[in-house]
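Side-chain atoms are counted along with the backbone in the values below, which use heavy atoms only and exclude waters and symmetry mates. Chain A is the first sequence line, chain B the second, and so forth, proteins listed ahead of strands; every chain is numbered from 1. These numbers were taken from a predicted model, which means no experiment stands behind them.
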Amino acid sequence: MQNQDQTDELVAQVNQAIETKTAINITGGGSKAFLGRSQDAQVLNTSAHVGVVNYEPTELVVTVRTGTPMGELNELLRQNGQALPFEPPVLETGTIGGVLACGLSGPARPFAGSARDYVLGMRVINGQGQALRFGGEVMKNVAGYDAARLHVGAFGSLGVLLETSMKVLPLPEAQVTLKHELSKPNDNTALVKMMRQPLPLSAAAIINRSQYIRLSGSDSAVRAAAKTCGGEVVPEGEAFWQSIREINHSFFNDNRPLWRLSVPEFCPAISIDGSTESDWLLDWAGAQRFLKTDADAASIYAAAASVAGHATCYSANRVAGNASLFQPLEGAMMSLQARLRDSFDAHRLFNPGRFHPELDNN
Amino acid sequence: MSLQPAQSDSQPDSTDAGSNGSSQARAIAHKRERYSSALGQLLPIGCILNTPEQLKPYESDGLTVFKKSPLLVVLPETIEQIQAVIKWASSEMVPVVARGAGTGLSGGALPHEDGILLGLAKFNQILELNVEKGFARVQPGVRNLAISDAARSHGLYYAPDPSSQIACTIGGNVAENSGGVHCLKYGLTVHNVLAVTVVTIDGELLQIGSNALDSAGYDLLALLNGSEGMLAVVVEVIVKLLPTPPCAKLVMAAFNSVEDAGNAVGQVIAAGIIPAGLELMDKPAMQAAEAFAQCGYPVDSAALLLCELDGLEEEVSAQIDGVTTVFKSCNVSELRVAESEEERLLLWKGRKSAFPAVGRLAPDYYCIDGTIPRGQLPYVLRRMEQLSAEYQLPIANVFHAGDGNLHPLILFDANVPGETQRTEELGSRILLLCVEVGGTVTGEHGVGVEKINEMCVQFDEASLQQFHAIKVAFDPDSLLNPGKAVPTLQRCAEFGAMHVHRGELPFPELERF
Ligand SMILES: Cc1cc2nc3c(=O)[nH]c(=O)nc-3n(C[C@H](O)[C@H](O)[C@H](O)COP(=O)(O)OP(=O)(O)OC[C@H]3O[C@@H](n4cnc5c(N)ncnc54)[C@H](O)[C@@H]3O)c2cc1C
């Protein structure tokens, strides 16, 4: 893996932007343009800021520069029998910085935890051009506010991510994927029940009438649990989960915009104008639901809010106009988040309009 | 750290205004009266405590060397009352310190002498225990263990289990991002809380998080956990309930040196096994625990590991084979797998009562809470031994070894002149040692007032300033638990000058991550 520290160059670039009062679009591998609207701005590219700063497998911690390609990082960990348990998507050219900035987690998320759960420390450049360190390389650390995790899912709007320390875990000894046919399409009641059982579940999804679960753990435990759960063994199980993680399963092959709804796993089927059962894919046992739809953004946001969830558009380039691509924030919550943005980036330099535009316009 | 209250911290006469004629005491008495009558309009009778006897129990948290009397204590009964109190405090610019059970060990709930203490003890109801959906919705004053107790018969439990779990509250757990002996596998409070409802300094009610796994906008839930009551007051919490593992087994392994035990910890992890808990005690801690709990520890050995494995029976037996093989290759001197549930609980009892047990060895003990990269354990232990000799104060060690969280317990006698000050210095040296090896000054007990100086060493100025800016975004007038957790730059300058003066800070500009 390449090793190159560009901290000074990146800090200089931010400082120059402050001087010239020009906004910055932060990019890594450029793989996530489908999330959020990018504005005309000067590009700050992290993809030369690469390499492992520290990796000691028995410490269960890896520290990497954020431009490091996700695929290379996964491979390094795999060679050491370890992984990032939240199954970050690779998206071909994606970087670890991009995964964290967008807060993306794969199918294991409800069972293993999310991207933010595995972040232990972060180095960032804030809107004053200062390189800051939060958290650290140790498992437990409550010194100061948890500003490291706060950057996960902030879409770069609180700063340029430079370096991150994450907890890693051993790969499971065995995994099996099981398929069940459902009598009712998209019915996740069996999954919700299973979540309350002490089973070594590590993924659970439904596509129409097919329900998929994955079991992970010691060989003996996976075999025992597979017996309890029944169903048909899917021979290419890992490829299936990967296709959901990478958003390239045949379900996603569609011209309509793709939306992600993050909702309580147990909420019943969500009805959105014009959508039919085959337009939905349920991941995370039902807590993450993908929908292909032409419905307008406002009705999707309303539907998500009505079940205490939120929606995100996954097809930035296909939704015209200036509708927000993220569930709009309102009232006191919006003002608080805008003040928080300003506390890191008072000039609103970073990725203006990319995330919640209401945070930039207030 | 400073175990000795600074001059301005002690107010011997603040609760005793009537008998003291000083003008300061009169001013305090006057304020107390004024606040009592204003809050009397907002709260039912009996919810305001303002006599010296009533205030006494609230003068400190679990770190009893710090004591201050608040102007008064309010014990509201409804969320609306909390909102009203905070709105009042905000308009009068009165500091507010929230308090759960007061078991905190860093002075986080230490009252403010010019403010009110907001006790949440009356909020002790589990509002909803949803077995099918796997969550509990609770008030902030609910005790940690009460949640698992209520869920147990349904085959569910709340995972974070601080040793103080019989007493500490979920509100306090969120504020400190508390851990427990099982957090290596099951995570800290932040990993097990789905949502919190908070009252902001404006008196607004906000829900942060939900039963969905993430929320729109910034991850405020991550920020709230561990924020030590400085960003908002938590008035309701939704926690995740997990299925109780059908099988839990405990392996006890004794070693002839602490290094061997530390090495064994790394080897277990290298073997790809993540135990549910992995705890280490050195000889003094083990002997104290044995004397206290009679749990059958091999007291002649130098160090003891307790390694718990849980999950499906098949998984657990595979892992027991794995860890016993590892221990045997690491010079184990005694190895025992608890045969029965009674034996397992008895072996845990020793560990869980280690603090009070060590407390019987000396008139006072002081618990340190640093975290280090695990590989540094042998070095840190050696240095601590030297420091212990240098300061002539014995140290007993209990660690959450799996995640590198140390709890050295310094034994001292506050009645011996100078010992408290030596203890304080020794504690500070240990924390700085943790920072030196790439660790942190607090793994789970929080900064509070206790470790505020050491924060100056762990963080640079710009990062501290960013923390202050975050605080301002929530609480512009700094009324919520002011002065805790994040040092002012001025304080850091004073601390730096003092230590440079004494020549005790060998690495002021060390890179720390
Ligand atoms: C014997 C012993 C063993 C311990 N073991 C552990 C352990 O294993 N792991 C661990 O992590 N800790 C441990 N602790 C420390 C302590 O129990 C925890 O920090 C606990 O979370 C504090 O809870 P509390 O209700 O007592 O909070 P308090 O001490 O009352 O308050 C702690 C902090 O939280 C704030 N706070 C309290 N309630 C709220 C609220 N509703 N909203 C906003 N802020 C609030 C306070 O202002 C203060 O800053 C131990 C303590 C003792 C005495």
>> Does A:Y145 form a side-chain contact (heavy atoms from CB on, under 4.5 Å) with B:K471? I'd like the steps, not just the answer.
In response: CA-CA 9 Å; A:Y145 301 120; B:K471 165 82 170 162; 3.6 Å; yes
> What part of B:Q207 gets closer than 4.5 Å to chain A, counting heavy atoms only: side chain, backbone, both or neither?
Replying inline: backbone
> Contact part of B:D460 toward chain A, heavy-atom cut-off under 4.5 Å: side chain, backbone, both or neither?
Replying inline: side chain
> Would you say the side chain of A:F344 lies within less than 4.5 Å of the side chain of B:Q466, judging by non-hydrogen atoms?
Replying inline: yes
> Checking B:A270 against chain A: side chain, backbone, both or neither under 4.5 Å from a heavy atom?
Replying inline: both
>> Can you tell me which of B:H400, B:E204, B:E444 forms the most heavy-atom pairs within a distance under 4.5 Å of chain A?
In response: B:E444
> Please walk me through it: do A:V142 and B:E176 pass side-chain contact (heavy atoms from CB on, under 4.5 Å)?
Replying inline: CA-CA 7 Å; A:V142 292; B:E176 302 288 9; 5.6 Å; no
>> Taking the ring of A:F134 and the ring of B:F467, is the distance between their centroids below 6.0 Å?
In response: yes
> Measuring heavy-atom distances to chain B, does A:R196 have an atom under 4.5 Å in its side chain, in its backbone, in both, or in neither?
Replying inline: both
> Which one, B:P243, B:A271, B:A318, leads in non-hydrogen pairs under 4.5 Å with chain A?
Replying inline: B:P243
>> Quick check on B:L156 against chain A: is it the side chain, the backbone, both or neither that has a heavy atom closer than 4.5 Å?
In response: side chain
>> Less than 4.5 Å to any heavy atom of chain A: does that hold for the side chain of B:T244, its backbone, both, or neither?
In response: backbone
> Side chain, backbone, both or neither: which part of B:L464 has a non-hydrogen atom closer than 4.5 Å to chain A?
Replying inline: neither
> chain A heavy atoms under 4.5 Å from B:V131: which part of the residue, side chain, backbone, both or neither?
Replying inline: backbone
> Counting distance only, does the side-chain N/O of B:H191 pair as donor-acceptor with the main-chain N or O of A:G113 below 3.5 Å?
Replying inline: no
> Between B:L312 and chain A, which part of the residue has a heavy atom less than 4.5 Å away: side chain, backbone, both or neither?
Replying inline: side chain
>> Less than 4.5 Å to any heavy atom of chain A: does that hold for the side chain of B:S210, its backbone, both, or neither?
In response: side chain
>> Quick check on B:D214 against chain A: is it the side chain, the backbone, both or neither that has a heavy atom closer than 4.5 Å?
In response: both
> What part of B:V486 lies closer than 4.5 angstrom to a heavy atom of chain A: side chain, backbone, both or neither?
Replying inline: side chain
> Any idea how A:F266 and B:F135 line up, ring-wise: parallel (<30°), tilted (30 to 60°), or perpendicular (>60°)?
Replying inline: parallel
> Does the pair A:K140 and B:C183 meet the rule for a side-chain contact (heavy atoms from CB on, under 4.5 Å), with working shown?
Replying inline: CA-CA 9 Å; A:K140 284 165 86 178; B:C183 61; 3.7 Å; yes
> What residue, out of B:D202, B:N405, B:V316, has the most heavy-atom pairs lying under 4.5 Å from chain A?
Replying inline: B:N405
